[in-house]
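The structure appears right after this line, and notes come after that.
Remember, it's 1-based here, ligands and their atoms both numbered in the order they're listed.
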Amino acid sequence: MAEITACRSCGAAGLEPVLDLGRTPLADRLVTQAGLAGPEPRYPLAVAFCPACGLVQIRETVPPEVLFCEDYPYFSSFSDALLRHSRANALELIAERGLGPTSLAVELASNDGYLLKNYVEQGIPVLGIDPAEGPAREAEKIGVTTLQTFFTAALARQLADEGRRADVIHANNVLAHVADTNGFVAGIASLLKEEGVAVIEVPYVRDLIEHVEFDTIYHEHLCYFSVTALDHLFRRHGLYLNRVRRLAIHGGSLRLYVARRERVGESVRSLLAEERAAGVDRLDFYRDFATRVTGVKRGLLELLRGLKAQGKTLAAYGAAAKGATLINYIGIGPDLIDFVVDRNTFKQGRYMPGQHIPIYGPDHLLEARPDYVLLLAWNFAEEIRAQQAAYEAAGGRFIVPVPEPRVL
Ligand code: DWN
């Protein structure tokens, strides 16, 4: 494992510590029955701030092959809200840019084809690129041609040399995941057509800090972006952040419209100004984050232990990566939570990393009828509560952990 000595984006030394979550297991490395007795590696999970370019990042780099290949359990299509969100994004771009049978839409980290299928449906050629075996196989099944490999600057040059440059490049929840941030962006620059656009979604560090979303910190997420840090990153590779939208998804994200020609719009200028005013580009903005995280830890433990002491039964919803960070950092184990449920059939029958809480299908909620359910996938609270209306009608109650633990 490698600890960085300089900023992942600008290369400057002098990274400032922001938060230390100790040593944690890999958030998406769910444990099988057979694996319960086996070794389970833990890695340091510490967050730092770069005073030179404003990038927030973790210090540890776990090899991508370890994180994203075999047994990678995340399938985007298990959230209807995410499917709707992605379809609207694709259809808007198809209309705005007049895409057709001679266009090419590429997605980096295309997963199970959850987004590119909307282009296929319209007869627009696509190319997915994703190293994860399971999701790539599902994508091929629905007609989304997928290269099962990592996206690199070298692969981008090869594709460009083969004449496969893209009109649109999608990259959702992947820019924060890559060990070679600069190589990845350089790849986008060489794969994009002159008039093409890269439409990139990343979690927004401002929302993470303001809503205490410390559980979205895990080893898959190497970087936590502000518009300030992104603007530096793209310009370094001859790309321009021309438009940006703030989105509610995943606890607060940014959708970035990046191109090879500089046409910086008001949306970017005003967010850069807001960040300067709020101090997002300075260490002060992050100084009390660790204290607020400790506050959530204390508050949630008190709430759960209090309910347990009253003889209440507790379960959790969403075998999410963010759930693994939360339960392992706070120390929430099977002594407090009887089981976790998740729609993703690949996750069912396995155990949460570290705490080894068993994972079942959502039907188990109505079978076991726990008094309270901790919403680990709080970012999909609305969708999950609608789906679990019968559980709440029967008197069940949901608990959300952040920004402050509370019973809904
Ligand atoms: O960056 C990443 C984000 C975007 O997604 C990835 N590295 C991994 C993943 O993070 P996560 O696992 O914390 O994400 P989700 O999407 O919040 O996970 C939600 C979990 O809840 C999934 O396992 C699916 C499950 N789920 C469910 O069981 N029923 C989700 C919904 C909406 C449902 O109705």
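Set against the non-hydrogen atoms of His221, the atoms of ligand 1 under 4.0 Å away are 1 (O), 2 (C), 7 (N). Atoms of ligand 1 lying under 4.0 Å from at least one heavy atom of Ala377, given by number and element, are 19 (C), 21 (O). Per-residue contacts place His177 under 4.0 angstrom from the following atoms of ligand 1 (heavy atoms of the residue considered): 1 (O), 2 (C), 6 (C), 7 (N).
A donor-acceptor contact closer than 3.5 angstrom links the side chains of Ser77 and Asp112.
Between Tyr74, Phe68, Phe380, Tyr218, it is Tyr218 that holds the heavy atom closest to atom 2 (C) of ligand 1. Here atom 24 (C) of ligand 1 lies nearest to Asp342 when heavy atoms of Asp342, Asn344, Leu83 are compared. In the candidate list Glu383, Gln387, Glu220, Gln387 is nearest to atom 34 (O) of ligand 1, counting heavy atoms. Considering only non-hydrogen atoms, atom 14 (O) of ligand 1 lies nearest to Lys322 out of Lys322, His219, His250.
With sequence neighbours left out, the side-chain hydrogen bond (donor to acceptor under 3.5 Å, both in side chains) criterion links His250 to Asn379. For the salt bridge (Lys or Arg N to Asp or Glu O under 4.0 Å) test, no residue two or more places apart in sequence or in another chain qualifies with Glu40.
Close N/O approach between Asn379 and ligand 1 is found [any backbone or side-chain N/O within under 3.5 Å]. Considering both main-chain and side-chain atoms, Lys347 comes within under 3.5 Å of ligand 1 through a nitrogen or oxygen pair. Ligand 1 has no N or O atom lying under 3.5 Å from any N or O atom of Asn173, backbone or side chain.
Contacts of Ala321 with ligand 1, taken as heavy-atom pairs under 4.0 Å, involve both backbone and side chain.
Relative ring orientation between His221 and Tyr224 is described as perpendicular, the plane-to-plane angle rising above 60° on a 0-90° scale split at 30° and 60°. By the 30° and 60° cut-offs, the orientation of the rings of Tyr43 relative to His219 is perpendicular.
A cation-pi arrangement, defined by a distance under 6.0 Å to the six-membered ring centre and an angle within 45 degrees of its axis, is present between Lys297 and Tyr329.
In this structure, Tyr72 is part of the shell of residues with a heavy atom less than 4.0 angstrom from ligand 1. The closest approach between Phe75 and ligand 1 stays at or above 4.0 Å for every heavy atom of the residue.
Between Tyr204 and Phe225, the gap from one ring centroid to the other reaches at least 6.0 Å. In summary, the aromatic rings of Tyr74 and Phe346 are positioned with their centroids too far apart to meet the 6.0 Å limit.
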